[in-house]
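Working notes, structure below.
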Amino acid sequence: MPYQSSGTISRIRRSVFFCALASLIACGPGGTAAGTPIPGATISPHSASATKGMVVSASAIASDVGRNVLVAGGNAVDAAVATAFALSVTYPVAGNVGGGGFMVIRLPDGRATTIDFREMAPRSATPSMFTNATGEYSSTIHHRSHKSVGVPGTVAGFALAHGKYGRTDWRRLVDPAVHLASDGFSVPPGLAQSLAGARAYLGIYPSSLAAFYKNGEPYNAGDRFRQPDLAATLARIRDHGREGFYHGETARLLAAEMRRGGGLITEADLAAYEAKERAPVRGTYRGYDVISMPPPSSGGVAIVEMLNILEGYDLASIGHESPRYVHLVAEAMRRAFLDRARYLGDPDFTKPPLERLTSKAYAAELRATILDDRASPSRPAQVAVRYESDQTTHFSIVDADGMAVSVTYTLENGYGLGAVVAGAGFLLNNEMGDFNGKPGLTDTTGLIGTDPNIALPGKRMLSSMTPTIIARDGKLVAVVGSPGGRTIINTVLQVVLNLVDGGMGIQAAVNAPRFHHQWLPDVLFTEHNGLPAPTVAALEAMGYHVRDGGEQGTAHSIFVDPRTGTRVGAADPRDADAGASGH
Ligand code: GLY
C-alpha cells in the first residue's frame, strides 16, 4: 500500500502488547512489508510499511511529494526539502516558509548532524522590547504584534541541508510545492476544519483573509484551494534558492509588511540570517543510541536527561499505566523541566552545562531525590515556567540507503502571528514569544525572566522541539518527534519508552495515551481518559494534581524492523490529514 490516511481522529487504547525488549526485536512493529500482521500487534489505518523509503507527515499530500522524490532517486534530505515546502502549502497551520525549526540527520554510515534554522531576533531587538511605553510587560507586544516576528530560518535551513547532504537538483524539490500552490489542491477535511476555526484569528489581517478564505468564507472539504501569491514566492525560492527569499522581491515584501505593522525586521536582517550546522546531543538508553537536537532547542538535552534518570528503573516490569510507572516518568519530567528553565538558551550567547545535564552521574543524583511513594514539590521560587504554544509540526523520513531525517518546524502559534505578508502569500511567525518577556520578571502567572533566554540582537529563542533519531549497534531503529510546545519533549519521551520498555509496535507507541508534567504548574496533565481511573486516584493520593490536558502532540514516526529492514511509517491519528507514504 503506497500510503493511507484518514480523516478520522481515532484513539486506539490499551491495545498495546508487552514483551521484554529482546523486546523490540521479538515483538517488532505493527505490520510487515507484506502487510501480514504480527500476532498481537495493532494495525492502524495510519500505518504503512515499505521496503525502501518512507515519509510520514501531518499532510498525506506532502508525504506523497516526499515519497515521489525518494522514488526518483533522491535521498532523505532531498525528500525533506520537498516535504517541507509542500507542507507550507497544504498544512499552513504550522508548515511554513516564514518560520523556523530543526533537522536531525543520520547518514547511512552512522554519522549524525543537525541543522539549526531557528528564527533569530532582528538586529534592533532589545531585552525590554516586549514592554509598553510605561515599562510594563505587554503580552500583546510579545505574542500578537509584528514585533513578535523573528527573522525566518526555514528557507536557509533547508538550503543548507540540501547543499551539504542533498543530491537532487533543488529546483525539482521545490517545484511540486509551486504547483500545489498555483494549481491548487483538494482541501482535506482537517484543513477545512482548521481554517474554519481560525477565521477570527486570521480575519483581522486583510491579506490573510484573501489568502485563506473565498470571499471571506471558509473552504469546504473537497474545494480546490489555490494560493497564487505563495506560488510566486515559492517560484522565487525554486529559481534562486535562499537568495529568492532573503533578497529581492520576497525580502522587499517582508520588510514592507514589517514597516506597515510596526515590526523590526529589515532587508538587512534578512540578508544576515544564518542557519547553522551543530553537533547533535547524544545519549544512550538501555543500549539504544539517542541522537537529538542541541540548544537552542531544549528538547535533546531534556530527553537525554529524562532517559538517564529512568534507566535506573525496570520500567518494562512495571505496568505501563500503573501509578508507579506514571509517578517515575512524571518525576523525571519534573526534574528535566526545572533544568531547562534554569540553564538553557542560545549556545551562541550562553554556555549551558550540557555535559553535566546529559551525564549518567547527574541522572543518578536526580534519581536519588525521587521518593518511592510521593510526588515531589515544585516550588515556584525555584523557577516559573510560562506558556508555550502547542502548534508546530513534525515529519520523519528514511530513504532506501538508511539515511534518516527528523524535522520539526514551526510558526509558534497555529498560523503564527496570523498575518500573511501582503503580496507574498506566506504567514509570519510569532516566535519572538519564545524569548523571556522581561529581564528579571518571574512570576506565578508563568512569566520567567532568567538570563539565558532574554532577547538580544541576532539571538535565537529557546525551543522545545525534539526531532530525534534512535539507533542500536550501528543500525537505524526509529525516527521520532512531535509538535506540542513544552509537551513535545514528553511526547517524544513516551514514544521512545513505549518502544523500548513497552515493547510496542511503532503505531501502538504513537497512539498510546500520553501525559505531561513540566515542573510548574505543578499539574500532571493527561490526555482525555488517558489513564485508568484507579491510576488517577492512586496518583492523587501520592500528591499529584491530575488534570485533563486534551490531546498531546502528533508524533509522526518511522520504525525500521531490524530483521527485515522494513520501514514502518506511523502517522499519528491525532492529526486528521496525516499520512505515511512509502515505496
Ligand atoms: N514554538 C515552539 C517551540 O519552539 O518549541
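Excluded from the calculations below are hydrogen atoms, water molecules and symmetry mates; all remaining heavy atoms, backbone and side chain alike, are included. Everything numeric in this text was worked out from a predicted model, so none of it was measured. Counting starts at 1 for both ligands and their atoms, following the listed order.
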- Task: Report the distance from atom OG of Ser376 to atom CH2 of Trp519, rounding to the nearest 0.5 Å.
- Result: 7.0 Å
- So is there a nitrogen or oxygen of Glu431 less than 3.5 Å from a nitrogen or oxygen in ligand 1? yes
- Of the listed options (Ile488, Thr408, Asp434, Asn413), which comes nearest to atom 2 (C) of ligand 1 when hydrogens are ignored and any heavy atom counts? Asp434
- Message: At less than 4.0 angstrom from any non-hydrogen atom of Arg118, what atoms of ligand 1 do you find?
- Response: 4 (O)
- Task: Kindly identify the option in Met461, Glu412, Arg486, Arg460 whose heavy atom sits closest to atom 1 (N) of ligand 1.
- Result: Glu412
- Task: Any pair with a residue in residues 302-311 that passes side-chain hydrogen bond (donor to acceptor under 3.5 Å, both in side chains), sequence neighbours left out, goes on the list, sorted by first then second residue, please.
- Result: Asn308-Lys360, Glu311-Lys360
- Message: Looking at Arg118 and Asp116, is any side-chain nitrogen of the basic one under 4.0 Å from a carboxylate oxygen of the acidic one?
- Response: no
- Can you find a side-chain donor-acceptor pair between Gln507 and Asn511 that sits under 3.5 Å? yes
- Item | salt bridge (charged side-chain N to carboxylate O under 4.0 Å, His left out) against Lys459, all qualifying residues, sequence neighbours excluded | none
- Message: Within ligand 1, which atoms have a heavy atom of Ser464 less than 4.0 Å away?
- Response: 3 (C), 4 (O), 5 (O)
